[in-house]
Amino acid sequence: PTPRELKNTQIVVLEDILKDVIGNVMNERLNDIAAASDSPFLSAGFGVGSICETSEVVMATVNCKEDKRSEAFEALLTEVERMRRYGLRDDEIQRAKQNVLTRYETAAKGAESRKNSEFVYPMVYNFFNNTPFMDPELEYQLASQIMQMLAPQVINQVVAELAGDKNMVVLYVAPEREGLTHPSEQEILSSISKVYSSDIARAEGEEVPEQFVNPASIKKGKIKKTSEGLYSSKVLSLGNGMTVVLLPSDLEKDKVLFSITKKGGSSLLSDEQLYNIEDNIFSLYVQNSGVSQYSGTMVGKMIAGKNLS
């Protein structure tokens with residue numbers, strides 16, 4: 001970890017941005033795999049961070065299917081090794097830098113509407129850990145300058161040193177249940193050896209569309225009626241039967257929220273259909289759905305750098 005005397009310097013901001021960019025790219029890759037119908041794991045994650053005051057580690061986690069434990073572990077380790085061998089592509093790095101910088105920009109624009117906790121915790125960390133406590137606008141300007149200096153070659157030099165086959169710790173966590181078998185130590189070591197000795201190809205690039213629909217194909221609608229609503233809102237009745245309520249607010253700067261509601265909900269479904277939305281199954285389905293012909297993971301790439309979710 002960074003020595004305490006250097007934590008309240010620009011070096012820490014540079015390190016944080018590097019970690020965020022690398023983690024952003026790796027999680028994008030892992031999400032692409034998890035979204036595939038034949039994925040060996042349900043979800044996976046990657047990051048660089050501290051596990052205690054004196055230890056900083058590269059962490060990779062995977063949630064596997066019961067019958068795909070070895071395959072899931074090997075798939076995760078393969079992606080980490082692919083990163084180490086070949087680095088990250090320029091287009092991946094650019095998207096990650098846009099996403100990270102947008103976070104700093106959003107914080108700067110919303111500085112005037114910060115809540116108490118957004119002041120307290122940075123002060124606590126500054127006092128105990130000597131981490132920087134800066135005005136969000138200043139932090140955004142500094143992050144912008146650092147982003148301009150971070151060329152892909154520099155980032156990949158760091159990536160090449162991040163992970164390797166030395167000083168590795170593998171934690172396996174699973175329920176203790178009758179009939180459920182668990183991998184032995186030798187099986188885990190065999191999976192590690194298998195990945196490191198395998199021929200791993202470079203990550204392939206892909207074309208990311210710039211827009212969801214052609215603006216020229218959108219037909220202009222009509223506002224049939226405008227009226228005053230509650231709390232200084234405006235109510236618009238559209239020609240397609242929809243009602244739109246516009247409510248201005250200065251609670252958060254630079255933020256627009258959309259909410260669409262249709263009366264009825266689950267009460268409109270048959271008893272047989274209700275089983276499909278129990279235990280948040282339907283929410284998970286919506287969460288992993290895309291837009292139009294684009295998958296959820298592709299949508300994330302298309303809106304990179306945009307404060308949109």
Inset, instruction - Salt-bridge test for Glu56 and Lys19: reply yes if a basic N is under 4.0 Å from a carboxylate O, no otherwise. - result: yes

Legend entry - Main-chain N/O of Glu187 paired to Ser191 side chain as donor or acceptor, under 3.5 Å: yes

Legend entry - Exam field: side chain Lys97 to backbone Leu150, donor-acceptor pair closer than 3.5 Å: yes

Inset, instruction - Taking the side chain as every heavy atom from C-beta outward, state whether Met83 and Met26 have any atom pair closer than 4.5 Å. - result: yes

Legend entry - Donor-acceptor contact present, side-chain Ser55 to main-chain Cys52, <3.5 Å: no

Inset, instruction - Determine, using the 4.5 Å side-chain heavy-atom cutoff (strictly less than), whether Ile192 and Val58 are members of one ILVMFWY cluster. - result: no

Inset, instruction - State whether Arg89 and Glu204 are salt-bridged, where the test is any N-O pair (Lys NZ or Arg NE/NH1/NH2 against Asp/Glu carboxylate O) under 4.0 Å. - result: no

Inset, instruction - Evaluate the criterion side chain to side chain contact (heavy atoms under 4.5 Å, CB included) for residue pair Arg82 and Arg202; output intermediate values, then yes/no. - result: CA-CA 7 Å; Arg82 194 192 316 276; Arg202 287 181 179 272; over 6 Å; no

Legend entry - Salt bridge Glu228-Lys234, side-chain N to carboxylate O under 4.0 Å: no

Inset, instruction - Mark yes when over 12 heavy atoms from residues, nucleotides or ligands other than Tyr121 sit less than 6.0 Å from its OH; otherwise mark no. - result: no

Legend entry - Ionic contact status for Glu66 with Arg177, cut-off 4.0 Å: yes

Inset, instruction - Report yes or no: does Ser39 contribute a side-chain atom to a donor-acceptor pair with the main-chain N or O of Ala36 at less than 3.5 Å? - result: no

Inset, instruction - Say whether Gln157 and Glu161, considering side chains only, have a donor N or O and an acceptor N or O under 3.5 Å apart. - result: no

Inset, instruction - Using a strict 4.0 Å threshold on nitrogen-to-oxygen distance, state whether Asp32 and Lys301 make a salt bridge. - result: yes

Legend entry - Residue Tyr172 excluded, over 12 heavy atoms near OH under 6.0 Å: yes

Inset, instruction - Look at atom CG of Leu180 and say whether more than 12 heavy atoms of other residues, nucleotides or ligands are closer to it than 6.0 Å. - result: yes

Inset, instruction - Treating Ile, Leu, Val, Met, Phe, Trp and Tyr as nodes and any side-chain heavy-atom pair under 4.5 angstrom as an edge, say whether Val48 and Val62 lie in one connected cluster. - result: yes

Legend entry - Non-hydrogen side-chain atoms of Val25 and Phe46 separated by less than 4.5 Å: no

Inset, instruction - Check the hydrophobic clustering (I, L, V, M, F, W, Y; side-chain heavy atoms under 4.5 Å; chains of links allowed) and say if Leu88 and Leu76 are grouped together. - result: yes

Legend entry - Heavy-atom check, side chain of Thr181 versus side chain of Arg69, under 4.5 Å: yes

Inset, instruction - Check whether any side-chain heavy atom of Gln10 sits under 4.5 Å from a side-chain heavy atom of Leu142, and report yes or no. - result: yes

Inset, instruction - Check whether the side chains of Asn126 and Thr131 place a donor and an acceptor atom closer than 3.5 Å, and report yes or no. - result: no

Legend entry - Test item: Ser292 side-chain N/O and Tyr294 main-chain N/O as donor-acceptor pair under 3.5 Å: no

Legend entry - Sidechain-backbone polar pair: Ser193 side chain, Leu189 backbone, donor-acceptor under 3.5 Å: no

Legend entry - Asn31 and Thr297 side chains, donor-acceptor separation under 3.5 Å: no

Inset, instruction - Could you state whether Leu77 and Ile22 fall into the same hydrophobic cluster, counting links through intermediate Ile, Leu, Val, Met, Phe, Trp or Tyr residues with side-chain heavy atoms under 4.5 angstrom apart? - result: no

Legend entry - Cluster overlap Val195 with Val80, hydrophobic side-chain contacts below 4.5 Å: no

Legend entry - Side-chain touch Leu42/Lys65, heavy atoms, less than 4.5 angstrom: yes

Inset, instruction - Could you tell me whether the side chain of Asp20 and the main chain of Val100 form a donor-acceptor pair under 3.5 Å? - result: no

Legend entry - Sub-4.5 Å side-chain heavy-atom contact between Glu79 and Ile33: yes

Inset, instruction - Could you pull out the closest heavy-atom pair between Lys7 and Asn129, with the gap in Å? - result: CD-O, 3.1 Å

Inset, instruction - Have a look at Gln141 and tell me which of Glu137, Gln145, Glu139 forms a side-chain hydrogen bond (donor to acceptor under 3.5 Å, both in side chains) with it. - result: Glu137

Legend entry - Ser237 side chain reached by Ile223 side chain, heavy atoms, under 4.5 Å: no

